[in-house]
Amino acid sequence: MFCSIAEKFGCSSETLRKWARQAETDQGLRPGLNSDQLAELRELRRENRELRRANEILRKASVYFAQAEVFDRGWRR
């Protein structure tokens, strides 16, 4: 069924099958996350990656400045 229709759309039958399943989920006919929930999940995961990256940079900067302060104190003696 999906093969002949997929050819008309210029996509694979698996792509069309996924679209149909997602449409059923969005309509509440199939369990799972709807499109809005999936978009929010993607955004939260992206934001989480960015925050982890920023925390790692801040951690490294903190170590660097702490070492620089220790060096600076020793230099002043």
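These figures come from a predicted structure and were not determined experimentally.
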Side chains of residues 58-65: which donor-acceptor pairs under 3.5 Å do they make with residues two or more places apart or in other chains?
| unit_1 | atom_1 | unit_2 | atom_2 | d |
| --- | --- | --- | --- | --- |
| Arg59 | NE | Glu56 | OE1 | 3.4 |
| Arg59 | NH2 | Glu56 | OE2 | 2.6 |

Donor-acceptor pairs under 3.5 angstrom involving side-chain atoms of residues 34-41: please list them, not counting sequence neighbours.
| unit_1 | atom_1 | unit_2 | atom_2 | d |
| --- | --- | --- | --- | --- |
| Asn34 | OD1 | Asp36 | N | 3.0 |
| Asn34 | OD1 | Gln37 | N | 2.8 |
| Ser35 | OG | Asp26 | OD1 | 3.2 |
| Ser35 | OG | Asp26 | OD2 | 2.7 |
| Gln37 | OE1 | Asn34 | N | 2.8 |

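Scanning for side chain to side chain donor-acceptor pair (under 3.5 Å) contacts around Glu47 gives an empty result, with sequence neighbours left out. Ser13 meets the side chain to side chain contact (heavy atoms under 4.5 Å, CB included) test with Phe2, Cys3, Ala6, Arg17; sequence neighbours excluded. The side chain to side chain contact (heavy atoms under 4.5 Å, CB included) test applied to Arg52 returns Asn48, not counting sequence neighbours.
Pro31 approaches Thr25 most closely through the heavy-atom pair O-OG1, 4.0 Å.
Remark: Glu43 engages Arg46 in a salt bridge, criterion side-chain N to carboxylate O under 4.0 Å.
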Legend entry - Stepwise side-chain contact (heavy atoms from CB on, under 4.5 Å) check, Lys18 with Arg21: CA-CA 5 Å; Lys18 286 180 182 179; Arg21 279 192 304 241; 3.3 Å; yes

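Under a 4.5 Å side-chain heavy-atom cut-off, the cluster of Ile, Leu, Val, Met, Phe, Trp and Tyr residues that includes Leu29 has no other member.
The backbone N or O of Leu33 sits less than 3.5 Å from a side-chain atom of Gln22, completing a donor-acceptor pair.
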